[in-house]
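Remember, predicted model here, so these are calculated numbers, not experimental data. Chain A is the first sequence line, chain B the second, and so forth, proteins listed ahead of strands; every chain is numbered from 1.
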Amino acid sequence: MAFNNHPLISPLATVMPPSNPTQFYDFKSLEAKWQEYWEKNKSFKAVEDRSKKKYYLLEMFPYPSGKIHMGHVRNYTIGDALARFKRMRGFNVLHPIGWDAFGLPAENAAIQRKTHPAEWTFDNIRVMRAQFKKLGLSYDWDREIATCRPEYYRWNQWHFLKFHERGLVYRKKSTVNWCESCQTVLANEQVIDGRCWRCDQLVLPQEREGWFLKITEYADRLLEGCRELAGAWPEQVLTMQGNWIGKSHGAEVDFRVQGGDDVARIFTTRPDTLYGATFMVLAPEHPLTLKLARGTPREKAVAEFVRNAQLEDKISRTSEGGEKKGAFTGAYAINPMTGEPIPIWTANFVLLEYGTGAIMSVPAHDQRDLDFARKYGLPVKVVIRPPASVPPGRPPGATPPRACAEAELSAAIRRRHRGPSEFGQSAPARPPDEELDASAMTEAYTQDGTMVHSGPFDGLSGDEGRRKVGEYLESKGIGKRAVNYRLRDWGVSRQRYWGTPVPFVHCGACGAVPVPYEQLPVTLPLNARIGEKGQSPLKDIPEFYNVPCPRCGRPAHRETDTLDTFVCSSWYFDRYTSPRDDQAPFKKENVDYWMPVDQYIGGIEHAILHLLYSRFFHLAFRDMGLVGPPEPFARLLTQGMVIKDGAKMSKSKGNVVDPDEIVGRYGADTARLFILFAAPPVKDLEWSDKGVEGCSRFLKRAWRIFHEFLDEVRSAPKPSAPTGATAPEIRELRRRSHVALKRVTEDIESRLQFNTAIAAIMEYVNSLYDFREWWTGCQEHSEADRAAAREAMETLTLTLSVFAPHIGEEMWSALGHAETADKTPWPEYDRELIRAEEILIVLQVNGKVRQKIVVEEGIGEEDLKARSLEDPKIKEWVAGKPVKKVVVVPKKLVNIVV
RNA sequence: GCGAGGGUGGCGGAAUUGGUAGACGCGCUGGACUUAGGAUCCAGUGGCACGUCCAUGCGGGUUCGAGUCCCGCCCCUCGCACCA
């Protein structure tokens with residue numbers, strides 16, 4: 001028990017003796033011991049302390065689906081390493097965890113297993129919490145939340161009512177995405193390629209009434225924010241959000257229907273092509289479509305076409321390869337510029353939800369319109385002349401210029417990421433004044449050019465033309481410049497049980513009435529009979545369903561829809577700042593201290609789901625004065641997937657590795673180390689059992705070398721400044737300690753490259769084995785020598801403790817420290833000590849490496865040049881030829897050009 | 001089609017500003033210790049025609065020097081895509 005009786009040993013050591021006094025690395029008892037210590041001492045409890053710089057580190061909280069998988073281990077291990085590092089760097093770190101505990105799987109599992117969703121959920125939470133603790137994750141467990149508890153979801157309801165007060169909540173009947181297998185409506189963001197994001201089933205259109213949040217009101221600010229986040233968030237995520245918001249500039253123009261009062265409003269990004277509009281197309285669902293055909297010989301054909309179009313599923317209807325089908329309504333509209341009548345059609349590819357649900361068709365300058373015109377024999381009219389030269393690689397008609405904010409955004413992001421780019425060379429000349437031939441063209445000319453056959457606008461270029469036409473439309477009152485978004489409002493109604501009840505009451509007299517704040521929470525009854533498909537079981541619980549109207553007191557009934565679970569996750573990071581507050585969703589002073597999240601870590605699958613919703617909530621909160629910062633997540637890291645045998649781990653592929661098994665066999669430290677070492681966080685990680693063994697081997701190796709030095713080092717003093725009297729081996733040891741420290745520090749701090757940081761520690765351990773050879777060969781060691789060795793062991797221990805905290809703490813306490821490693825300030829490396837006394841210089845002849853020489857560190861350029869030319873090997877290579885030039889890169893290389 | 005990211009040994013991956021390509025780990029080869037080793041330690045390990053050689057997807061270019069910069073291709077992954 002050599003290190004058990006040291007006077008400085010921490011109080012815990014007397015309570016809990018070191019797991020084993022031998023050199024055997026007994027990870028099992030050692031990990032259990034430290035986990036118990038952290039738990040008892042609440043080691044990672046975060047306390048608001050305005051005198052310290054805060055650091056809010058957050059990983060996306062998990063859905064309690066059963067047991068944790070490797071993806072979780074990776075996500076939370078990355079976060080934990082960073083949390084531990086930041087604490088040692090002197091930050092006041094908030095590192096919380098909780099459970100995204102509402103959702104369909106609980107309900108489905110409950111039906112299957114004849115249990116209750118609550119029971120299933122809390123069972124899973126228990127299991128997963130224990131698994132997290134076994135991994136040694138440094139959470140402030142006092143802040144743990146579960147969104148399915150009324151203490152949490154009452155604030156969902158509170159926010160919903162606040163949003164309602166501000167006009168951000170409304171109810172409407174519309175065509176929604178219905179997932180038959182989940183028996184619920186989905187928001188647009190939750191439909192991926194026409195399929196449900198959770199169960200992968202095809203989504204069907206359905207007419208339904210439901211609750212919506214006006215995220216579209218924030219479209220512009222959400223897009224603007226993407227610009228600000230450039231550099232701090234992965235470019236890909238910002239691009240995806242930009243695409244999703246889909247802002248485009250253009251104009252809305254009214255087309256009068258010939259012989260009546262009807263007006264069809266269209267949206268176009270190309271008002272400069274208005275003169276070329278030779279027909280217009282309405283969405284089948286457009287109210288005018290059937291109206292115009294009514295009472296005409298076309299009525300039957302149009303009605304049938306509309307019916308068929310609506311039956312067609314959305315993917316085939318809107319995919320590029322999908323067949324463009326249309327029907328003539330029999331009516332004509334007046335082109336407001338030319339005054340000419342143009343036929344009004346309806347077609348499957350025009351969507352009611354986008355723009356105004358009606359388009360003008362300019363076949364000469366839009367590929368889709370051209371295809372349609374050719375198919376149905378409609379006229380084509382050229383109104384844009386290509387410029388005399390076009391940029392290289394972009395033949396006319398190849399790529400439409402998207403008058404879209406996407407392009408602007410990605411350009412802005414690129415500028416942020418790389419700095420301004422240079423312009424390409426000028427384009428090859430193209431014969432000027434070449435006019436397109438309307439009757440011959442098979443490809444629409446979709447790029448900008450000069451307006452022709454456009455009356456007073458002839459000769460104007462794209463941007464100018466669009467502006468002038470816009471101004472003209474406005475002056476005539478027949479249109480206006482307009483901005484359109486692809487983003488739709490967020491449908492939050494879910495027709496399922498296991499969620500936050502929508503806090504509204506339906507009254508025959510008063511309509512939908514908000515539940516008064518003082519009556520919150522509207523508690524989800526636990527006695528529901530789950531399993532009846534098609535409607536919420538809440539309807540069958542009279543004590544829930546039947547309530548007096550809060551306004552008039554007459555019998556009314558509660559809303560039975562529950563809120564989308566993404567509502568829970570849109571503000572949980574705020575709740576962590578005051579998790580137990582029962583007066584407000586969070587305390588202002590706490591949220592002001594901790595927010596924004598400094599580093600957020602999670603999967604890319606939430607790029608336009610959770611991450612967009614949360615930004616929306618945050619902006620709305622900001623407008624209500626609840627929070628201060630412009631964005632909730634200052635920096636975002638999207639970690640890669642865990643792959644095995646080339647595919648994502650999944651039950652169906654049978655390639656899952658159970659974290660429990662790895663932790664059981666090798667210990668949490670090994671599991672953590674491997675997962676951080678095998679790949680940089682942003683890249684996919686290929687699982688390797690052999691790699692895990694390698695990491696286990698490394699920890700044992702570190703443990704052994706540490707214990708070989710321990711006895712002599714335990715009582716050594718702090719190393720003093722270097723003196724010339726020490727042996728070169730000691731100086732080299734100190735140099736390597738400080739080099740390792742520098743590399744680990746910088747790899748974590750400025751690059752989040754844990755894999756190279758760990759590689760640096762491994763290299764360092766290898767060099768300690770080299771050093772040991774010399775050390776054991778010495779008769780005795782001076783105090784200064786022992787101090788240097790102590791420093792080396794402390795550096796090893798502290799750097800390792802960030803990644804493998806259990807073994808790190810064990811070693812740290814063995815060194816006799818009263819305080820734990822995680823409470824120890826991260827050491828600073830010494831620039832002076834890093835400087836090598838001798839450096840390696842690479843000698844090149846004509847750019848090829850021919851020799852390597854070792855020279856003293858401070859050698860002058862001329863001396864180095866001379867030494868290089870004198871080198872026998874170099875002389876051989878130069879072979880008497882005249883030396884044309886010598887390039888000297890200080891401290892690196894000399895290149896001799898002959 | 002558009003946008004982003006990527007292509008480096010047998011494998012996972014390094015190389016931060018144009019300066020020794022392949023750090024670190026896995027695997028493999030040999031040795032030591034051992035009753036034994038799938039433990040541990042030590043040494044070696046890009047390729048071959050073993051050279052003043054060839055090597056970072058392919059072909060050019062800039063440079064004393066290119067995995068890194070420029071031009072043109074090929075392939076892979078992801079996102080967007082009839083969006084008016």
Worksheet entry | Set of salt bridge (Lys or Arg N to Asp or Glu O under 4.0 Å) partners for A:R74, sequence neighbours left out | none
Worksheet item: How does protein reach along nucleotides 38-50 of chain B, written 5' to 3' as B (base within reach of a heavy atom under 4.0 Å), S (only sugar-phosphate), or - (no contact)?
Response: -SSSS--------
Worksheet item: With sequence neighbours left out, what residues match A:E861 under salt bridge (Lys or Arg N to Asp or Glu O under 4.0 Å)?
Response: none
Item to complete: Sort and list the pairs that fulfil side-chain hydrogen bond (donor to acceptor under 3.5 Å, both in side chains) and have at least one residue in residues 876-898 of chain A, not counting sequence neighbours.
Response: A:E857-A:K891
Worksheet item: To the nearest Å, how far apart are A:I192 CD1 and B:C78 P?
Response: 14 Å
Worksheet item: When Watson-Crick pairs (N1 to N3 and N6-O4 or O6-N4) and G-U wobble pairs (N1-O2 and O6-N3) count only below 3.5 Å on both distances, what is the dot-bracket string of RNA chain B, with | for other-strand pairs?
Response: (((((((..(((......[....)))((((((.......))))))(((..).))..(((((..]....))))))))))))....
Item to complete: Respond yes when some side-chain nitrogen or oxygen of A:R368 is under 4.0 Å from OP1 or OP2 of B:C83, and no when none is.
Response: yes
Worksheet item: Expressed in whole Å, how much space separates the P atoms belonging to B:A66 and B:A21?
Response: 10 Å
Check nucleotides 52-55 of chain B for protein N or O atoms closer than 3.5 Å to its own N or O atoms and list the pairs.
| from | atom 1 | to | atom 2 | distance (Å) |
| --- | --- | --- | --- | --- |
| B:C53 | OP1 | A:R850 | NH2 | 3.4 |

Item to complete: Take atom C1' in B:C42 and the same atom in B:G9, then report the distance between them in whole Å.
Response: 24 Å
Item to complete: Using a strict cut-off of less than 4.0 Å between a Lys/Arg side-chain nitrogen and an Asp/Glu carboxylate oxygen, indicate whether A:D26 and A:K28 qualify as a salt bridge.
Response: no
Worksheet item: By a strict heavy-atom criterion of less than 4.0 Å, which residues belonging to residues 750-757 of chain A are in contact with RNA chain B?
Response: A:R751, A:Q753, A:N755, A:T756
Restricting both atoms to N or O, compile the protein contacts to nucleotides 20-22 of chain B shorter than 3.5 Å, with distance only.
| from | atom 1 | to | atom 2 | distance (Å) |
| --- | --- | --- | --- | --- |
| B:U20 | O2 | A:K852 | NZ | 2.7 |

Worksheet item: Of all residues at least two apart in sequence or in a different chain, which pass the salt bridge (Lys or Arg N to Asp or Glu O under 4.0 Å) check with A:D871?
Response: none
Worksheet entry | Contacts of type side-chain hydrogen bond (donor to acceptor under 3.5 Å, both in side chains), residue A:D689, not counting sequence neighbours | A:W687
Worksheet item: Does the base of B:C82 carry an N or O that pairs as donor and acceptor with the side chain of A:K324 under 3.5 Å?
Response: yes
Fill in: Pairs satisfying ring pair (Phe, Tyr, Trp, His ring centres under 6.0 Å), at least one member in residues 736-765 of chain A, at least two apart
none
Response to the item:
Hits for salt bridge (Lys or Arg N to Asp or Glu O under 4.0 Å) against A:D220, two or more places apart or cross-chain, chain-then-number order -> A:K247
